[in-house]
Amino acid sequence: MGIQRILSGMRPTGKLHLGHYTGALENWVEQQNLLNEGGARAYETCFLIADYHNLTTSLETGEIYTHSLDMLIDWLAAGIDPEKSPLFRQSQVKEHAELFLIFSMLITSSRLERNPTLKEQVRDLNMESLTYGHLGYPVLQSADILLYKANVVPVGEDQIPHVEITREIARKFNNQYPHPILGEVFAEPAPKVTKFSRLVGLDGKAKMSKSLGNTILLSDSPEDILKKMRIAVTDTLKIRKNDPGHPEVCTVFSYHAKFTSPEQLSSLTEDCRAGHLGCVECKKLCATNIAMELAPLLERRRFYEVRLDMVTEILLEGEKKAKCIASNTMEQVRTAMKLGQSPLTHLGASPC
Ligand code: TRP
């Protein structure tokens, strides 16, 4: 068996926030840089900008390009290395649309209507009706994953049902269309849930999200972070500085848990409980620790921000590599389905 491939992606919503970092990006970088005992890379990694998926919830496309670049710069700032991981937009590799079409015949609409992630989204966004394409969200995602024959898909909890649908589609395809040489065209991918889940928002109510305006951005300066931290909701029972607090219900402590050293965290916890630590002081420390963690990202972001030519070149290079892998897979798909007259000599995948 060859090297295992990891693929993940995000919808381009613009600049990323801390929740994207702890919930996904940090893990992507780790997988990208992981070595096996022999010192070789443990995984091949590919990351996609799911711009078509954006259309499921908004037809507004005016900012899709700038949002994609902003997101890409945050990926690079976080340590994604384009030499190791092709980075590409779904819309620029036409094979996504092609495989999506074929896959949409391999799954029933009632199966898609049962998708819990979709049901949640419809409820959260108060949607009255659903487009055909939105119902097919996980089918497009299946094409994203299977075009690159990914074995592992790092995702948040809410995306597990989509990877399950991907597995079902892979199975269906393999049974229906065995390949004359390969047998099965697709391997069934496994989801890999990120260990540190998304952060709660500054309002303490829900997870960090751009639409709720409760985020700290990866591109925020130390001053921005401190300013935002001032509005963070803490233990509502701790009114005066010397009231004893309850770190377990405090938003700021949930950030300390991630960004503060274990030693400092345990002394802060003790002081808060004893009423020796005021929230203002506690927030300052938290803001400082977050800013420290983000300092190298900010520096790399500044590097790329003034070199947009380089950023677009990275994208075009990634799209070239992605296209090569995707078109090899489509060759196999068409051969297995006896669509067209692909000569058998093209079957061995050409190197990408
Ligand atoms: N649906 C994913 C999300 O919202 C984004 C995505 C699109 C994706 N295609 C993918 C994730 C393929 C993993 C693999 O988070």
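Counting starts at 1 for both ligands and their atoms, in listed order.
- Classified by interplanar angle (parallel below 30°, tilted 30° to 60°, perpendicular above 60°), the ring pair Tyr148/Phe88 is tilted.
- Less than 6.0 angstrom separates the ring centroid of Phe103 from the ring centroid of Phe186.
- By the 4.0 Å heavy-atom criterion, Asp158 is excluded from the residues contacting ligand 1.
- Checked by distance only, ligand 1 and Gln159 come closer than 3.5 Å through their nitrogen or oxygen atoms.
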**Prompt:** What's the verdict on ring-ring contact (aromatic ring centres under 6.0 Å, His included) for Tyr52 and His96, showing C-alpha distance, side-chain angles and the deciding distance?
**Reply:** CA-CA 10 Å; Tyr52 274 148; His96 287 257; 8.0 Å; no
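- Nearest protein neighbour of atom 9 (N) of ligand 1, counting heavy atoms only, is Asp144 OD2, 2.7 Å.
- Neither the backbone nor the side chain of Gln90 has a heavy atom within less than 4.0 Å of ligand 1.
- Of the protein's non-hydrogen atoms, the one nearest atom 5 (C) of ligand 1 is Gly9 O, 3.6 Å.
- If you look at Ala50 next to ligand 1, the close heavy atoms, those under 4.0 Å, all belong to the side chain.
- Counting heavy atoms from C-beta on, the side chains of Leu16 and Thr215 never come closer than 4.5 Å.
- Annotation: His162 places no N or O atom under 3.5 Å from an N or O atom of ligand 1; distance criterion only.
- Residues Gly245 and Lys238 approach most closely at CA-CD, 3.6 Å, considering heavy atoms.
- At under 3.5 Å, a nitrogen or oxygen of Gln141, whether backbone or side chain, sits near a nitrogen or oxygen of ligand 1.
- Only side-chain heavy atoms of Val153 come within less than 4.0 Å of ligand 1; its backbone N, CA, C and O stay farther off.
- Using a 4.0 Å cut-off to heavy atoms of Leu48, the atoms of ligand 1 that qualify are 9 (N), 10 (C).
- Across Tyr52, Phe47, Tyr137, heavy-atom proximity to atom 1 (N) of ligand 1 is greatest for Tyr137.
- With respect to the salt-bridge test (charged N to carboxylate O, under 4.0 angstrom), the residues Arg300 and Asp74 do not qualify.
- In summary, the atoms of ligand 1 found under 4.0 Å from a heavy atom of Leu7, numbered by their order in the structure, are 12 (C), 14 (C).
- Taking the ring centre of Phe303 as origin, the terminal cationic atom of Arg307 falls inside the region bounded by 6.0 Å and 45° from the ring axis.
- For Leu140, no heavy-atom contact with ligand 1 is shorter than 4.0 Å.
- Under the 4.5 Å side-chain criterion, counting only non-hydrogen atoms from C-beta, Asn151 is not in contact with Glu188.
- In summary, the atoms of ligand 1 found under 4.0 Å from a heavy atom of His53, numbered by their order in the structure, are 7 (C), 9 (N).
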**Item:** Verdict with reasoning, Phe173 to Tyr177, per ring-ring contact (aromatic ring centres under 6.0 Å, His included)
**Value:** CA-CA 6 Å; Phe173 186 96; Tyr177 304 112; 5.2 Å; yes
